Amino acid sequence: MEQPLSPEFFARPTLAVARDLLGCRLVRSLDGIRLVGIITETEAYIGETDLGCHAKAGRTKRTAPMYGPPGRAYVYFTYGMHWMLNAVTEAEAFPAAVLIRAVETVEGLRVVESRREKAPRADWTNGPAKLTAAFGIDSRQNTIDLTQTNSGLWIEPGIAISDTNVTTGPRVGLNSVPEPWKSIPWRFKVSGILFQTSSDT
DNA sequence: AGCACGATTAACT
DNA sequence: GTTAATCGTGCTC
């Protein structure tokens, strides 16, 4: 059992955190059962000048978590039905975060399957709203400390992902965001390797 | 007080 | 490829 990542891990430039979160373990303790997903896709959202970032609106009730300490969760609601999980980065008072866009479930398969009932395994957690549904994440996890295990959701070190297995590209879903923010390659994705799909817990 | 729209998904044609 | 679902948020009046 690993220790969670430290606040110092998150108190770095957001692009470095987004890159380094690939391969880390997202851990959820849910009804006494442990769900673990290897992070395979992230996006960086950096400051009020990033017009793709919610913080472009400044500090509001919604964006306040991004202005808080690094290593906390920023969970927001969108499209009338979906929850998104972010990890807050950089120094406190600088609004930035990394969106967790996809994980590969490696523990708690039965629970994840039941929570993603009609989907095939490949589609369980391959999208930001899919993984929050699968891991039972919603507004109750907003602002919780991802560097502590006591609130049931945290991030641990995981497997090393080499640069040859990382691809970057534009962030997804920013259709009406102006350039250069629309196309800036702040999306990070694991490519090439696939994970063993072993354990059945 | 009203309104347009979104860091998406699933189910269509 | 297109589109409905569904509602909180931030902006305009």
Side-chain angles (χ1 to χ4, degrees), chain A residues 10 13-22 24 26 28 37 39-68 70-90 94-105 112-144 146 153 155 166-191:
Chain A
F10 295 96
T14 306
L15 294 175
V17 177
R19 161 63 178 88
D20 293 346
L21 278 175
L22 296 177
C24 289
L26 179 70
R28 178 83 168 111
I39 297 172
T40 58
E41 188 180 346
T42 60
E43 284 176 359
Y45 290 87
I46 313 177
E48 296 176 348
T49 57
D50 172 6
L51 297 184
C53 179
H54 292 160
K56 68 174 187 262
R59 184 177 189 137
T60 64
K61 181 170 184 181
R62 183 200 206 192
T63 63
M66 277 198 285
Y67 291 78
R72 302 297 180 90
Y74 166 44
V75 180
Y76 69 88
F77 185 67
T78 191
Y79 290 107
M81 63 190 87
H82 298 306
W83 297 98
M84 306 283 167
L85 171 66
N86 299 253
V88 174
T89 58
E90 314 240 8
F94 183 86
V98 172
L99 172 67
I100 311 296
R101 283 193 63 86
V103 304
E104 182 79 17
T105 305
V112 168
E113 178 175 36
S114 69
R115 297 185 68 94
R116 297 280 302 127
E117 226 175 314
K118 293 163 189 156
R121 177 167 182 172
D123 295 338
W124 282 353
T125 53
N126 63 338
K130 298 180 191 178
L131 75 89
T132 55
F135 278 50
I137 295 165
D138 60 26
S139 63
R140 289 168 292 186
Q141 278 66 239
N142 195 21
T143 74
I144 67 158
L146 297 170
L153 180 67
I155 303 176
V166 176
T167 55
T168 61
R171 295 172 293 181
V172 175
L174 306 191
N175 302 307
S176 59
V177 171
E179 299 291 359
W181 311 112
K182 182 175 177 175
S183 300
I184 198 165
W186 286 356
R187 179 189 190 200
F188 298 83
K189 192 170 159 61
V190 177
S191 61

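Here the structure is a predicted model, which is why all the values come from computation and not from measurement. Here is how names work: the chains are called A, B, and so on, in the same order as the sequence lines, proteins then strands, and each is numbered from 1.
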Practice item. With sequence neighbours left out, write down each residue that passes salt bridge (Lys or Arg N to Asp or Glu O under 4.0 Å) with Asp138(A), or none if nothing qualifies. Key: Arg140(A)
Under 3.5 Å, which donor-acceptor pairs link side chains of residues 74-81 of chain A to any protein atom two or more places apart or in another chain?
residue  : atom : partner  : partner atom : Å
Tyr74(A) : OH   : His54(A) : ND1          : 2.8

Review point. Quick one: does Ile100(A)'s side chain get under 4.5 Å of Leu131(A)'s, heavy atoms only?
Key: yes
Point to revise | Residue list, side-chain hydrogen bond (donor to acceptor under 3.5 Å, both in side chains) with Thr60(A), at least two apart or on another chain | key: Thr63(A)
Exercise for review: Among residues two or more places apart or on two chains, list those pairs meeting salt bridge (charged side-chain N to carboxylate O under 4.0 Å, His left out) that have a residue in residues 94-103 of chain A.
Suggested key: Glu41(A)-Arg101(A), Glu43(A)-Arg101(A)
Study note, to complete from the structure: Sorted by chain and residue number, the salt bridge (Lys or Arg N to Asp or Glu O under 4.0 Å) partners of Arg19(A) (sequence neighbours excluded) come out as Asp163(A)
Study note, to complete from the structure: Parsed dot-bracket for DNA chain B after applying the Watson-Crick and G-U rules with both distances under 3.5 Å and | for other-strand partners is ||||||.|||||.
**Study point:** Donor-acceptor side-chain pairing of Thr40(A) and Glu104(A) below 3.5 angstrom
**Key:** no
**Study point:** Residues touching DNA chain B, which here means a heavy atom under 4.0 Å, drawn from residues 171-185 of chain A
**Key:** Val172(A), Gly173(A), Leu174(A), Ser176(A)
Practice item. Check the pair Asp123(A) / Lys118(A) against salt bridge (charged side-chain N to carboxylate O under 4.0 Å, His left out), numbers first and verdict last. Key: CA-CA 10 Å; Asp123(A) 295 338; Lys118(A) 293 163 189 156; over 6 Å; no
Practice item. Name the nucleic acid region contacted by Arg187(A), choosing base, sugar-phosphate or nothing; use a 4.0 angstrom heavy-atom cut-off, strictly under. Key: nothing
Revision key, fill the gap. d(Phe135(A) CZ, Leu85(A) CG) to nearest 0.5 Å is 10.0 Å
Exercise for review: Name all residues meeting the side-chain hydrogen bond (donor to acceptor under 3.5 Å, both in side chains) criterion together with Ser183(A); count only those two or more places apart in sequence or in a different chain, and write none if there are none.
Suggested key: Glu179(A)
Point to revise | Interatomic distance at P, dT3(C) relative to dC5(B), whole Å | key: 16 Å
Review point. Which parts of nucleotides 6-13 of chain C does protein reach within less than 4.0 Å, heavy atoms only, written one letter per nucleotide 5' to 3' as B for base, S for sugar-phosphate only and - for none?
Key: BBSSSS--
**Study point:** For Arg59(A), all residues meeting salt bridge (Lys or Arg N to Asp or Glu O under 4.0 Å), sequence neighbours excluded
**Key:** none
Point to revise | Partners passing salt bridge (Lys or Arg N to Asp or Glu O under 4.0 Å) against Arg115(A) (at least two apart in sequence or in another chain) | key: none
Review point. Between which nucleotides of DNA chain B, read 5' to 3', does contact with chain A run, using atoms under 4.0 Å from its heavy atoms?
Key: dG6(B) to dA10(B)
Revision key, fill the gap. What one should report as the nearest heavy-atom pair of Ile155(A) and Ile39(A) is CG2-CD1, 4.3 Å
Practice item. Give Lys130(A) one of three labels, base, sugar-phosphate or nothing, depending on what nucleic acid heavy atoms sit under 4.0 Å from its own. Key: sugar-phosphate
